[in-house]
Participant: 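Got a structure for you, written out below as structure tokens; questions coming shortly.
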2 protein chains.
Amino acid sequence: MGGQNFSKKRQMILDTIKSTNSHPSAKWVYETLKKEIPDLSLGTVYRNINLFKDQGHIVAVANIDGEERIDGDTSPHAHFVCKECGCVYDVPATHAPISRECCSMDGFETHNTVLTYYGICGGCTQI
Amino acid sequence: MGGQNFSKKRQMILDTIKSTNSHPSAKWVYETLKKEIPDLSLGTVYRNINLFKDQGHIVAVANIDGEERIDGDTSPHAHFVCKECGCVYDVPATHAPISRECCSMDGFETHNTVLTYYGICGGCTQI
DNA sequence: ATAAAATCAATAATGATTACTGATTTAAGG
DNA sequence: CCTTAAATCAGTAATCATTATTGATTTTAT
């Protein structure tokens with residue numbers, strides 16, 4: 001009950017992504033789950049991340065130093081990317097409301113809106 | 001007069017980027033200029049793009065299929081990325097105003113704000 | 001002219017992601 | 001509980017964008 005018929009590994013990969021707000025990379029998911037599933041393959045993580053993106057379970061939110069970062073929270077909210085440490089933070093909609101309207105260009109259909117702030121995070125400003 | 005002392009190739013790379021609104025990739029810049037400068041090297045294009053980004057002459061605006069796309073127009077405006085054809089369009093500030101305030105998180109310094117719409121562009125909806 | 005600094009072409013190296021293949025697991029029916 | 005076809009996977013090789021390296025060329029200042 002209550003979900004599609006995912007294989008055990010596939011479900012654990014999704015659970016791992018959903019259980020963090022660190023906006024992980026594929027490699028982070030792989031290394032984190034590797035402790036629990038020693039025979040996990042990095043290719044499997046990539047394949048399932050692409051599947052989850054296609055199905056709308058997760059979204060890509062940033063690309064830091066060539067690494068795609070994903071988010072299991074698909075509700076509308078902005079992100080803050082620290083140029084120093086590469087961390088990606090959630091910015092709640094109350095602090096950075098994302099405008100729902102798009103450009104009024106004829107025939108353009110907007111599926112989703114990405115609002116990202118780049119700068120230096122609290123931890124890195126203190127250094 | 002009226003500019004830094006760029007070498008001929010460096011200046012032509014910047015001019016090429018500034019002269020288009022197609023939000024090109026490094027490879028596009030390379031292939032476009034290669035016709036004019038047969039002995040241009042792709043590494044030179046990458047090196048100079050990174051230099052221009054550091055100096056604030058250009059900005060990175062999207063990453064499409066693993067390729068970084070840049071913009072010679074550094075004025076605040078949003079972008080529309082077509083998931084179908086991969087084109088990146090300018091969205092003038094009048095159609096999608098970018099909020100200047102950022103998250104009110106303590107100690108966070110915002111340097112720039114990126115607002116991007118993803119969807120299907122006018123050309124691709126008609127197919 | 002000339003020497004030091006900047007810049008470059010060419011190539012090799014790196015690193016993220018994807019494709020492939022044969023083995024394993026899962027799902028459905030008997 | 002078996003069986004069998006389809007789905008999934010591990011392991012590895014390949015791909016592709018980007019970066020690093022190095023020795024040669026160009027630019028700049030003198």
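Numbered from 1 within each chain, the chains take letters A, B, ... in sequence-line order.
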Participant: Over 60° means perpendicular and under 30° means parallel, so tell me whether B:His77 and B:His23 are parallel, tilted or perpendicular.
Facilitator: tilted
Participant: Taking the minimum atom-to-atom distance to the side chain of B:Leu42, which one of D:dA17, C:dT26, D:dT18 wins?
Facilitator: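 In terms of side-chain proximity for B:Leu42, the closest of D:dA17, C:dT26, D:dT18 is D:dT18.
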Participant: To the nearest Å, how far apart are B:Lys8 NZ and C:dC8 C1'?
Facilitator: 14 Å
Participant: Nearest to the side chain of A:Glu68 - C:dC8, C:dT17, D:dA10?
Facilitator: C:dT17
Participant: To the nearest 0.5 Å, what is the distance between CD (A:Glu68) and CG (A:Asn50)?
Facilitator: 7.5 Å
Participant: Side-chain N or O of B:Arg10 versus OP1/OP2 of C:dT7: is the shortest distance under 4.0 Å?
Facilitator: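 Checking B:Arg10 against C:dT7: at least one side-chain N or O falls below 4.0 Å of OP1 or OP2.
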Participant: Counting just side-chain N and O atoms, does B:Asn63 come under 4.0 Å of either OP1 or OP2 of D:dA17?
Facilitator: no
Participant: Strictly below 4.0 Å: does A:Asn50 bring a side-chain N or O up to OP1 or OP2 of C:dT18?
Facilitator: yes
Participant: Taking the axis from the first five pairs and the axis from the last five, what angle separates them in the helix from C:dA1-D:dT30 to C:dG30-D:dC1, rounded to 10 degrees?
Facilitator: 30°
Participant: At less than 4.0 Å, is any side-chain N or O atom of A:Lys9 found next to OP1 or OP2 of D:dT8? Yes or no.
Facilitator: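 For D:dT8, neither OP1 nor OP2 has a side-chain N or O of A:Lys9 closer than 4.0 Å.
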Participant: If the cut-off is 4.0 Å, is A:Thr44 near the phosphate of D:dC9, judged by side-chain N/O to OP1 or OP2?
Facilitator: no
Participant: Of the listed nucleotides (C:dT17, D:dT18, D:dA10), which one gets closest to any side-chain atom of A:Tyr46?
Facilitator: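 Of C:dT17, D:dT18, D:dA10, C:dT17 is nearest to the side chain of A:Tyr46.
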Participant: Would you mind telling me which of C:dT7, D:dA10, C:dT26 lies closest to the side-chain atoms of A:Ser41?
Facilitator: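 Of the candidates, D:dA10 comes closest.
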Participant: Reading DNA chain D from 5' onward, which residue's closest nucleotide shows up sooner: B:Ser7 or B:Ala26?
Facilitator: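 The answer here is B:Ala26.
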Participant: Does OP1 or OP2 of C:dC8 have a side-chain N or O of B:Arg47 closer than 4.0 Å?
Facilitator: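 Answer is yes, contact under 4.0 Å.
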Participant: Give the cluster check for A:Tyr117 versus A:Val114: same hydrophobic cluster or not, with ILVMFWY residues linked at side-chain heavy-atom distances below 4.5 Å.
Facilitator: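 Looking at the clustering, A:Val114 is in a separate group from A:Tyr117.
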